[in-house]
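Here the structure is laid out as structure tokens; the discussion comes afterwards.
Reminder, nothing fancy here: chain letters follow the sequence lines and each chain counts from 1. Computed from heavy atoms alone, side chains included, the values below leave out hydrogens, waters and symmetry copies.
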There are 4 protein chains.
Amino acid sequence: MPKLGAEPIRKAALINAAIATVGRAGSLDVTVAQIAREAGMSSALAHHYFGSKERIFLAAMRHILTQYGTSTRTALRGAGTPQDRLRAIVGASFDSANFERETIAAWLNFYALALVEPEAARLLRVYHRRLSSNLLVALRPLAGAGAERIARTLGALIDGLYLRAALSNEADAAAAERTTLDYLEKVLP
Amino acid sequence: MPKLGAEPIRKAALINAAIATVGRAGSLDVTVAQIAREAGMSSALAHHYFGSKERIFLAAMRHILTQYGTSTRTALRGAGTPQDRLRAIVGASFDSANFERETIAAWLNFYALALVEPEAARLLRVYHRRLSSNLLVALRPLAGAGAERIARTLGALIDGLYLRAALSNEADAAAAERTTLDYLEKVLP
Amino acid sequence: MPKLGAEPIRKAALINAAIATVGRAGSLDVTVAQIAREAGMSSALAHHYFGSKERIFLAAMRHILTQYGTSTRTALRGAGTPQDRLRAIVGASFDSANFERETIAAWLNFYALALVEPEAARLLRVYHRRLSSNLLVALRPLAGAGAERIARTLGALIDGLYLRAALSNEADAAAAERTTLDYLEKVLP
Amino acid sequence: MPKLGAEPIRKAALINAAIATVGRAGSLDVTVAQIAREAGMSSALAHHYFGSKERIFLAAMRHILTQYGTSTRTALRGAGTPQDRLRAIVGASFDSANFERETIAAWLNFYALALVEPEAARLLRVYHRRLSSNLLVALRPLAGAGAERIARTLGALIDGLYLRAALSNEADAAAAERTTLDYLEKVLP
DNA sequence: AATGAATGAGGATTCATTCAT
DNA sequence: GATGAATGAATCCTCATTCAT
């Protein structure tokens with residue numbers, strides 16, 4: 001009695017397992033068997049659904065970025081003023097759900113994957129562009145011509161804070177958010 | 001062939017080869033044989049001198065951080081005013097020697113190693129603390145109580161710019177430096 | 001190919017192959033690949049089932065000792081008098097099945113393993129104790145207080161004959177058995 | 001200033017080191033480097049003197065057997081009656097100098113070497129023959145036609161006691177000697 | 001005589017991946 | 001759909017041995 005719609009469920013389980021396993025290991029050097037065990041299935045089945053380890057990683061990365069995109073979009077829905085929009089974007093970035101140490105560690109490792117895997121690089125570029133564009137829309141009314149540079153700085157700052165959070169023992173989302181907002185206050189008129 | 005005193009020469013060659021190989025591959029997933037070939041020797045000799053692959057990586061990381069520390073110290077020597085000191089530190093960070101894509105890629109991967117390897121984490125903490133302390137010395141006369149936060153922001157910003165440079169096709173050191181200095185101008189009275 | 005329940009079959013094949021390979025080589029210095037080839041499978045599968053070379057050896061040793069224990073027990077079943085029991089034990093020891101040169105060579109090498117491997121030492125102690133206890137039960141009615149010493153002597157004598165058989169070109173089970181029984185005749189009233 | 005006569009000194013040091021190292025390790029699986037370090041020299045020098053690891057082992061084995069032969073001969077010198085001769089031979093076998101656990105372990109391992117190395121087997125045969133002949137000379141006046149069998153039994157018994165001593169935690173030379181002499185008393189008229 | 005330097009060969013172990021059931 | 005079985009390929013590491021000095 002094969003369950004109906006087993007595929008999406010299994011795939012989702014594997015994606016979550018991949019993120020958890022990589023996050024816990026702190027490295028992409030995890031075996032398909034480990035991921036599959038974490039997902040409660042055989043490694044053969046993992047291959048059946050994804051075809052290769054690489055594809056599991058890419059799907060996991062896509063999932064992380066999609067999730068981030070969704071949470072940003074949701075946060076933006078209630079934002080009226082440009083200031084609200086900025087705060088929403090920053091808030092989504094440091095949402096505690098994305099800011100647990102293990103998640104960040106997975107994230108950092110998938111980031112490094114982009115150095116090796118063109119598709120991972122592509123995904124990252126999409127995310128960067130989207131974040132940039134969101135920031136620009138909010139910044140332009142406030143900073144005019146300076147918006148571009150502020151957006152670039154902001155993006156780098158957020159990534160840098162993530163990076164350091166990945167290495168600290170307890171990642172402090174609130175502090176990271178405050179640092180970012182503080183920058184914005186200083187830099188906007 | 002067995003010149004006396006080969007050890008330091010061979011070790012240095014291996015360290016450089018490790019950085020180059022990891023940088024080119026974009027990943028720590030390189031074999032000792034690759035590193036050794038790049039260094040012009042057998043993998044057995046690499047093991048003879050370092051004992052393990054891990055130790056080669058740690059030595060390479062130590063080398064990168066030491067080099068960075070040295071270039072910072074050198075740059076600081078000629079700096080009189082606090083502003084000069086800040087510019088010297090930032091300049092050393094984005095020195096073109098440290099800012100080739102491959103070097104950054106190696107750097108990013110060694111960064112990720114710290115998630116897994118306690119000794120790598122320790123090295124990184126030392127570097128962070130030293131950078132932070134250098135920045136504070138320069139910032140305190142300029143920003144007083146706000147120095148702490150600015151230093152933290154600056155550190156994260158530099159790391160974030162590195163991260164993004166690692167992923168872009170041509171890393172633009174000058175642009176990264178300008179972004180950083182621009183932040184400082186805005187944030188300092 | 002993947003018949004269900006392959007595990008016990010494969011494990012048994014590997015155990016026999018290990019004994020044969022070690023016996024033929026006359027040394028524990030055999031590769032897992034050799035054992036696996038002898039057993040008709042890849043070395044990877046051997047590792048899959050046993051985890052390590054050491055574990056293969058221990059299983060082989062356990063097998064040899066178990067087999068010896070079983071043949072002793074079987075022989076004892078039909079033995080009525082103490083004299084019969086003694087003859088049964090000695091007969092089982094020099095049973096031609098256990099007394100082929102290759103088997104003895106394997107045995108000797110596993111013996112040496114006990115110097116290095118605590119688990120192998122434990123197995124051997126169990127075997128020694130059991131043999132000793134079997135001998136004592138049979139000797140006490142015949143030798144009373146002297147039973148202990150005779151048992152000890154008998155055990156050493158059997159081991160010594162094995163040792164020499166391992167080194168002679170054709171191991172002569174009958175002669176070894178005769179030597180042992182002769183000792184018993186002389187020493188028992 | 002090369003020391004005169006360094007060669008025999010170095011060789012002797014290596015032989016002793018080989019016995020000690022093998023005895024301590026409980027296995028022939030020791031490296032030339034370990035033996036050389038124990039002997040206080042480089043592994044290259046060990047090769048210079050012996051040519052190969054195998055040859056070191058053979059020399060060590062030869063040394064053990066020669067030493068045993070010498071101690072037997074010495075003991076026999078003061079022996080007048082056949083009974084004295086027997087006691088001398090047995091006494092030499094269980095001399096406390098040859099009966100330390102490490103020495104026995106080395107001995108057992110060199111024994112196993114004979115399964116693999118024809119020259120080692122030859123050495124062992126020589127030793128067996130010599131022991132046998134010594135025993136026969138002493139036994140013939142006491143046991144006549146039965147001398148052969150007793151000699152064979154005695155040889156096996158001694159080896160068996162060695163074997164068991166190698167595996168026990170504290171080898172008890174006195175007990176082993178008593179067991180052997182006790183056998184002789186029982187078996188001789 | 002003595003050694004550091006150097007390497008080729010080899011071996012245990014791991015793992016992604018395939019396949020029959 | 002699901003999995004146990006199976007393996008080829010790869011990798012780290014070790015070590016006996018050689019050689020120039």
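- Residue D/N109 comes nearest to D/V22 through the heavy atom pair CB-CG1, 4.0 Å, listed as atom of the first residue, atom of the second, then distance.
- Contact annotation: D/H48 reaches the phosphate of E/dA1 (side-chain N/O to OP1 or OP2, under 4.0 Å).
- Of the residues near DNA chain F, A/A44 and B/V32, the one whose nearest nucleotide (by heavy atom distance) lies more toward the 5' end is A/A44.
- The interatomic distance linking B/F57 (CZ) with F/dC12 (P) rounds to 8 Å, in whole Å.
- Taking atom CD1 of D/I9 as the reference point, atom P of E/dA2 lies 9 Å away to the nearest angstrom.
- For B/Y49 and E/dG4, the shortest distance from a side-chain N or O to OP1 or OP2 is not below 4.0 Å.
- For D/S42 and A/Q34, each mapped to the nucleotide of DNA chain E holding its nearest heavy atom, the one lying further toward the 5' end belongs to D/S42.
- Separating the CG atom of A/L14 from the C1' atom of F/dG1 is a distance of 14 Å, rounded to the nearest angstrom.
- Residue B/R10 places at least one side-chain N or O under 4.0 Å from the OP1 or OP2 atom of E/dA6.
- Taking atom CD1 of residue D/I35 and atom C1' of nucleotide F/dC15, one finds them 12 Å apart after rounding to whole Å.
- Look at NZ on A/K53: it is 19 Å from P on F/dA9, rounded to the nearest Å.
- Remark: E/dA20 base-pairs with F/dT3; criterion is Watson-Crick or G-U wobble with both hydrogen-bond distances under 3.5 Å.
- Between the CE atom of C/M41 and the C1' atom of E/dT13 there is a distance of 17 Å, rounded to whole Å.
- Atom NZ of B/K11 is separated from atom P of E/dA6 by 13 Å (rounded to the nearest Å).
- Rounding to whole angstrom units, CG of residue A/L45 and C1' of F/dG1 are separated by 7 Å.
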